[in-house]
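Here is the structure we will look at.
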Amino acid sequence: AKETGRDHYAFFTERMDAEIRDKLAIQAQLRGAIARDEFEVHYQPQMCLRTGELLGAEALLRWDNPVLGKVPPNRFIPLAEEYGMVTAIGEWVLESVCAQIKLWHDEGLGDIKVAVNLSAGQFGHDNTVAFVEATLRRFGVAPANLGLEITEGTVMGDPDKAVAALKCLKDIGVSISLDDFGTGYSSLGYLKRFPIDVLKIDKSFVDDVTTNANDAAIALSVISLAHNLNLRVIAEGVETRAQVDFLAERGCDEMQGYYFSRPLAAPAFTALLRQPRKL
Ligand code: C2E
Ligand code: CA
Ligand code: CA
Ligand code: CA
């Protein structure tokens with residue numbers, strides 16, 4: 001038994017060592033990633049359920065590093081936050097998205113609204129609002145073409161400051177979505193305090209919405225809650241026709257998910273925009 005205990009311990013420390021090495025490698029590689037041009041924004045279509053029209057996209061960051069390969073954002077964003085690098089990355093994403101919106105606009109592909117994810121820490125910076133305004137102006141992008149997705153985690157650190165910042169952004173015409181709705185602890189309180197335009201039903205409720213009565217009840221409640229508060233509601237992670245039909249019948253306004261399209265690199269999304277606006 002003693003022997004096994006020691007093995008377990010050795011195994012455990014080995015795993016810890018590997019985890020730490022892994023983190024250090026990501027930290028080291030993240031540091032020059034912007035300069036080496038290793039990031040790319042992908043765009044996942046957001047569809048109107050009533051008309052079937054392509055309304056816009058969510059911007060999702062991709063990182064391809066020569067040493068580490070493709071690292072998913074769920075992995076490197078929290079580490080970037082921990083290492084104080086997330087503001088620089090967030091600013092890079094916003095600039096890339098604005099440059100791209102301007103290209104689409106100039107090509108006559110219409111005014112596409114792109115939603116950018118904000119991370120915790122970006123609101124710790126007093127100049128987030130100023131940076132968003134300056135970037136829109138610099139690229140000649142209308143504020144109505146930009147959305148920001150926040151989670152409770154984004155604003156938790158300093159909610160008062162976040163409310164003030166979001167109100168300024170909303171005043172200039174940028175729309176705000178509350179992401180991953182229902183997965184946190186105090187969503188209803190946030191709904192009351194934050195100037196939100198859109199609620200996103202989390203994928204975890206969408207997955208079994210057609211087969212699990214509890215998930216169906218939650219999805220329906222979120223839809224009516226949103227509508228009673230004059231918010232639009234979008235379901236994320238929609239993968240099947242059955243989910244589309246179920247949510248459409250119940251008044252969900254927009255959808256996003258593999259059923260319609262995976263996140264696409266800019267050229268592929270541009271090709272989609274050149275087609276008639278239906279999927
Ligand atoms: P999120 O904001 O909840 O984004 C939705 C995630 O679900 C994305 O994963 C998207 O690719 C994935 N997804 C969309 N439709 C489906 C579907 O039908 N099925 C399945 N299985 N997955 C689907 P992704 O791109 O790996 O991003 C993961 C998370 O990383 C995001 O979750 C977001 O929290 C964060 N993230 C991504 N890009 C950025 C960014 O530019 N800035 C910040 N701060 N966070 C980002
Ligand atoms: Ca999001
Ligand atoms: Ca989400
Ligand atoms: Ca989610």
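In each ligand, atom 1 is the first atom listed, and ligand 1 is the first ligand listed. Quick note: residue numbers are just sequence positions, from 1.
When only interatomic distances are considered, the shortest N/O to N/O separation between Y259 and ligand 1 does not fall below 3.5 Å.
Looking at K203 against ligand 1, only its side chain comes within 4.0 Å, counting heavy atoms. Neither the backbone nor the side chain of H42 has any atom closer than 4.0 Å to an atom of ligand 1 (non-hydrogen atoms only). Contact annotation: for N117 versus ligand 1, heavy atoms closer than 4.0 Å belong to both the backbone and the side chain. Looking at V238 against ligand 1, only its backbone comes within 4.0 Å, counting heavy atoms. The side chain of P263, and not its backbone, has at least one atom closer than 4.0 Å to an atom of ligand 1 (non-hydrogen atoms only; side chain from C-beta on).
Residues F181 and Y190 place their aromatic rings such that the two centres sit no closer than 6.0 Å.
Using 4.0 Å as the threshold, K200 has no heavy atom nearer than that to any atom of ligand 1. For the ligand labelled ligand 1, residue P72 lies outside the 4.0 Å heavy-atom shell. For Q256, the closest heavy-atom approach to ligand 1 does not fall below 4.0 Å.
Near G257, meaning under 4.0 Å from any of its heavy atoms, are these atoms of ligand 1: 15 (N), 18 (O). Proximity to E239 (heavy-atom distance under 4.0 Å) selects the following atoms of ligand 1: 17 (C), 18 (O), 19 (N), 20 (C), 21 (N). Numbered from 1 in the order shown, with element, the atoms of ligand 1 that lie under 4.0 Å from a heavy atom of Q44 read 14 (C), 15 (N). Atoms of ligand 1 lying under 4.0 Å from at least one heavy atom of V93, given by number and element, are 41 (O). Applying the 4.0 Å criterion to heavy atoms of E58 picks out, from ligand 1, the atoms 2 (O), 4 (O). Atoms of ligand 1 found under 4.0 Å from any heavy atom of N74 (numbered from 1 in listed order, with element): 28 (C), 29 (C), 30 (O). For ligand 1, the atoms sitting less than 4.0 Å from at least one non-hydrogen atom of D180 are 3 (O), numbered in the order shown with element in parentheses. Of all the atoms in ligand 1, the ones that sit under 4.0 Å from a non-hydrogen atom of S119 are 44 (N).
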F246 and V238: CA distance, side-chain angles, deciding distance, side-chain contact (heavy atoms from CB on, under 4.5 Å) verdict
CA-CA 11 Å; F246 183 96; V238 175; over 6 Å; no
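The aromatic rings of F39 and F76 are tilted relative to each other, their planes meeting at an angle between 30° and 60°.
A donor atom on one side chain and an acceptor atom on the other are found under 3.5 Å apart for Q256 and Q46.
Shown are the protein N/O/S atoms under 3.0 Å from the Ca ion (ligand 2), given by residue and atom: E58 OE2, N117 OD1, E149 OE1, D179 OD2.
Among the candidates D180, I234, V233, the single residue satisfying the side chain to side chain contact (heavy atoms under 4.5 Å, CB included) test with I201 is V233.
For the pair R193 and D160, the salt-bridge criterion is met [side-chain N within less than 4.0 Å of a carboxylate O].
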